[in-house]
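Structure first, commentary second.
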4 protein chains.
Amino acid sequence: MHSSRAKEAGGAPRGRPRDASRDDALRKATLEVMAEVGYRALTMDAVAARAKAGKATIYRRWESKLELVIDTCNELVSRSVPEPDTGSVAGDLREFLLGYADFLTGPSGKAAQALVGELPHEPELATAFRDSFLTGQRGMLRRILERGAERGEINRHAPLGMVNELAGATLTYRLMLTGEPIDEAFVDKLLEQALLPLLN
Amino acid sequence: MHSSRAKEAGGAPRGRPRDASRDDALRKATLEVMAEVGYRALTMDAVAARAKAGKATIYRRWESKLELVIDTCNELVSRSVPEPDTGSVAGDLREFLLGYADFLTGPSGKAAQALVGELPHEPELATAFRDSFLTGQRGMLRRILERGAERGEINRHAPLGMVNELAGATLTYRLMLTGEPIDEAFVDKLLEQALLPLLN
Amino acid sequence: MHSSRAKEAGGAPRGRPRDASRDDALRKATLEVMAEVGYRALTMDAVAARAKAGKATIYRRWESKLELVIDTCNELVSRSVPEPDTGSVAGDLREFLLGYADFLTGPSGKAAQALVGELPHEPELATAFRDSFLTGQRGMLRRILERGAERGEINRHAPLGMVNELAGATLTYRLMLTGEPIDEAFVDKLLEQALLPLLN
Amino acid sequence: MHSSRAKEAGGAPRGRPRDASRDDALRKATLEVMAEVGYRALTMDAVAARAKAGKATIYRRWESKLELVIDTCNELVSRSVPEPDTGSVAGDLREFLLGYADFLTGPSGKAAQALVGELPHEPELATAFRDSFLTGQRGMLRRILERGAERGEINRHAPLGMVNELAGATLTYRLMLTGEPIDEAFVDKLLEQALLPLLN
DNA sequence: CGATAATCGAGACGGTACGTCGAGTCTTTAG
DNA sequence: CTAAAGACTCGACGTACCGTCTCGATTATCG
């Protein structure tokens with residue numbers, strides 16, 4: 001998504017090279033503005049002003065507000081949610097759910113939420129969004145469940161894919177749509193009443 | 001949400017009365033524009049032009065673009081999803097999930113999706129949104145489950161609330177976030193692998 | 001006007017010396033762009049691109065767009081208008097007026113015209129402009145009239161300074177302001193009805 | 001030059017009519033900004049800000065900075081220079097020259113001067129400019145000379161058209177190009193050495 | 001020779017203004 | 001008082017230039 005100069009093609013990159021530190025400053029500013037006013041009210045002018053950058057410097061790197069925001073989030077999602085490994089499926093799921101809830105509650109999560117409304121009309125965004133926010137989530141869950149299966153904690157006929165989807169769906173549903181928090185009480189109830197029963 | 005004149009004060013409403021047909025024309029225009037270009041790109045001017053109305057006529061009725069869209073959707077959600085009653089929980093759930101999927105795939109659904117991103121920054125919108133889209137959904141699900149419980153189809157210790165939430169979460173997660181369809185095959189798998197087991 | 005390195009201080013100029021050929025290329029490009037789009041629409045980027053030069057190469061030589069244009073014109077005015085010497089005041093004036101009209105109609109003349117608007121707000125420009133375009137003009141006219149006086153063609157009480165000014169004024173007035181051409185017919189009329197009578 | 005709604009065609013002008021007071025406010029702001037920073041440095045934003053108007057309100061009335069400035073000047077030129085009538089050609093010419101010099105020295109004159117550079121590249125501007133600044137000037141001069149002829153002050157073979165042109169040319173040449181003032185001393189010299197001799 | 005220094009083209013940089021567009025409000029005529 | 005029409009202020013859009021800067025690469029002088 002983030003545009004890159006074609007410099008792999010061998011030829012020397014002529015002219016002054018892009019200042020990589022501006023990328024970071026701009027992403028930082030984007031995240032700050034987004035956290036303060038949301039996606040809709042985020043303006044390129046505000047981002048540029050906060051990063052002490054010209055607008056052209058933004059448009060040189062990202063084609064639109066959407067791309068800027070997506071890229072800003074992508075940069076964060078991977079490093080923000082630690083992969084849990086407590087030794088048990090229940091523990092891992094518990095930690096994952098709480099950890100991801102934290103992430104979604106923070107600025108990146110709000111940014112992600114703002115993008116949801118654009119998905120139907122922007123196929124490229126949809127792809128990028130799913131790659132960043134959903135694939136990572138599902139991957140962690142899958143690995144958690146697979147480790148549990150290897151340890152024999154899980155019924156070999158358990159519908160792992162379905163449990164994976166239910167867990168992810170519940171996370172985003174609560175945090176993005178209903179606005180109800182994902183706290184320890186709810187996580188325990190979710191495990192007790194739904195996920196663990198389906199795994200046994 | 002829909003603003004009303006202060007006519008409770010007794011006096012007869014002097015002057016030309018509001019043309020009620022304009023409400024419908026405007027909502028219709030709103031829905032059409034929304035379906036064509038999405039929420040972001042919907043402009044008040046476009047709605048006014050399509051309804052052959054002045055912008056003031058819109059603002060006399062709704063305070064903002066957001067309210068206009070919410071109200072337009074509200075009007076539709078209630079009449080759009082028929083409450084199923086097949087005689088069995090499995091059948092009802094099946095029909096409900098497919099019916100709601102249809103609704104969310106249509107213009108109103110896309111409108112609803114567009115609003116998700118605004119929820120964190122607009123508390124009033126959040127309330128209205130949840131009242132319209134989530135409460136209706138949960139209500140139908142609750143009634144389906146209750147009827148099943150009355151008919152003795154459901155284990156008396158089954159976590160009905162949790163099943164309700166899982167069903168709703170899966171619906172919106174698929175349709176709004178992952179973009180995967182909710183077709184008969186998936187509904188059957190969802191029932192088979194998750195919902196029905198949890199009810200027994 | 002044209003900036004020069006401080007090399008009078010004795011020591012040899014270290015580093016790579018300036019490429020004198022770039023001066024000409026840049027002036028040439030400036031004149032071309034100016035002739036095509038005028039002064040207002042002339043951009044430094046366009047000049048640099050046309051001369052296949054970097055912008056810094058321009059700014060190393062001239063401090064601003066204005067200086068660049070002035071210098072470009074200065075270079076031309078002196079070599080562009082040949083000093084007439086037909087043997088008679090009438091003949092010299094005739095040739096001078098037609099010759100200067102040609103010059104002012106060409107690219108340099110248009111450039112000069114473009115600078116007129118800047119004169120009130122840019123004192124340095126005003127000085128340079130007058131030195132290049134007006135002084136040269138007046139000098140030629142003065143020498144023409146002086147030669148005529150020496151030859152006894154002119155009444156010794158004739159107001160030479162005033163005739164000089166009238167001739168110059170008519171030239172620029174017609175060419176820059178009214179847009180009417182200075183052709184042979186007009187020159188003859190001007191001589192017949194105004195200049196020659198005042199000289200006798 | 002100043003765009004006008006087609007309302008002569010009879011039909012009632014629907015919608016909110018243009019606020020005529022904005023025209024004046026904008027012209028006033030234009031003149032102020034122009035007087036302060038000149039034509040080149042005059043920006044639409046500055047004019048809009050000073051008039052507390054939106055930029056769209058400007059562009060609804062004038063297509064460009066140039067048109068705005070021209071129209072602003074036009075409004076002034078006619079009312080700014082009083083037509084002299086002292087009873088003698090010499091007196092009238094004297095007053096006219098001094099009066100027009102005052103006008104050209106003021107903000108409108110500087111604006112006019114700024115436009116000179118654009119004339120070669122903008123034919124419409126050239127026409128408008130000449131209509132406003134030159135035609136008015138020539139008309140006054142012509143009437144002055146005609147009245148003198150009627151009074152018998154002028155040789156019946158005097159080249160009135162040429163004198164007219166010389167007077168106008170000298171005015172603008174001095175004020176716009178050489179920057180020398182047109183004061184009483186110069187006016188008297190001009191009359192004595194050139195204009196009056198040509199009229200007798 | 002190598003080190004130093006100013007040049008070159010190229011183009012990114014922070015800014016400012018551009019001319020357009022949309023929001024929400026206001027002001028007209030008509031009913 | 002409502003209707004359609006459209007002008008109003010405000011502010012963001014994405015682009016274009018400004019004049020400065022930073023690259024790699026070139027070309028001169030100096031030690």
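Here is the naming used below: chain letters follow the sequence lines, and residue numbers restart at 1 for every chain. The model shown is predicted, which means the values in this text are computed figures rather than measured ones.
- Going from atom CG of L66(A) over to atom P of dC13(F) covers 13 Å, rounded to whole Å.
- Looking only at atom types and distance, the side chain of T43(A) has no donor-acceptor partner in the side chain of D45(A) under 3.5 Å away.
- A 4.5 Å side-chain heavy-atom check between L26(D) and T72(D) finds every atom pair outside the cut-off.
- Separation of atoms OH (Y39(D)) and CZ (R40(C)) is listed at 4.0 Å; rounding is to 0.5 Å.
- Remark: P of dA23(E) and CZ of R40(A) are 9 Å apart, rounded to the nearest angstrom.
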Starting from the C-alpha separation in whole Å, work towards a yes-or-no answer on side chain to side chain contact (heavy atoms under 4.5 Å, CB included) for E36(D) and V33(D). CA-CA 5 Å; E36(D) 285 174 20; V33(D) 175; 5.6 Å; no
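- Summarising the geometry, the separation between CZ on R22(A) and C1' on dG15(E) is reported as 13 Å, rounded to the nearest angstrom.
- In terms of position along DNA chain F, the nucleotide closest to G54(D) lies nearer the 5' end than the nucleotide closest to the other residue of the pair G54(D) and G15(A).
- For K28(A), the NZ atom sits in a loose shell: 12 or fewer heavy atoms of surrounding residues, nucleotides or ligands are nearer than 6.0 Å.
- Side chain of K65(C) to main chain of L42(C): a donor-acceptor pair is present (N/O by atom type, distance under 3.5 Å, no hydrogens or angles).
- In this structure, CG of D19(A) is placed 12 Å from C1' of dG14(E), rounded to the nearest angstrom.
- Judged by distance alone, with hydrogens and angles left aside, the side-chain atoms of R18(D) form no donor-acceptor pair with the main-chain N or O of T57(D) at under 3.5 Å.
- Between R18(C) atom CZ and dT7(E) atom P the separation is 5 Å, expressed in whole Å.
- Here dC13(F) presents its C1' atom at 18 Å from CH2 of W62(A), a figure rounded to the nearest Å.
- Heavy-atom distances to DNA chain E give each of T57(C) and A51(A) a nearest nucleotide, and the one nearer the 5′ end belongs to T57(C).
- Look at CZ on R14(D): it is 15 Å from C1' on dT27(E), rounded to the nearest Å.
- Between L26(C) atom CG and dG9(E) atom P the separation is 8 Å, expressed in whole Å.
- Contact of the W62(C) side chain with the R27(C) side chain is registered, since non-hydrogen atoms from C-beta on lie closer than 4.5 Å.
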When you check every protein heavy atom under 4.0 Å of nucleotides 14-19 of chain F, what one-letter string (B, S, -) results, 5' to 3'? BB-SBB
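- Residues satisfying the ring-ring contact (aromatic ring centres under 6.0 Å, His included) test with F129(A), not counting sequence neighbours, are F133(A).
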Name the pairs: protein N/O against N/O of nucleotides 24-26 of chain F, kept only if under 3.5 Å.
| unit_1 | atom_1 | unit_2 | atom_2 | d |
| --- | --- | --- | --- | --- |
| dT26(F) | O2 | R16(C) | NH1 | 3.1 |

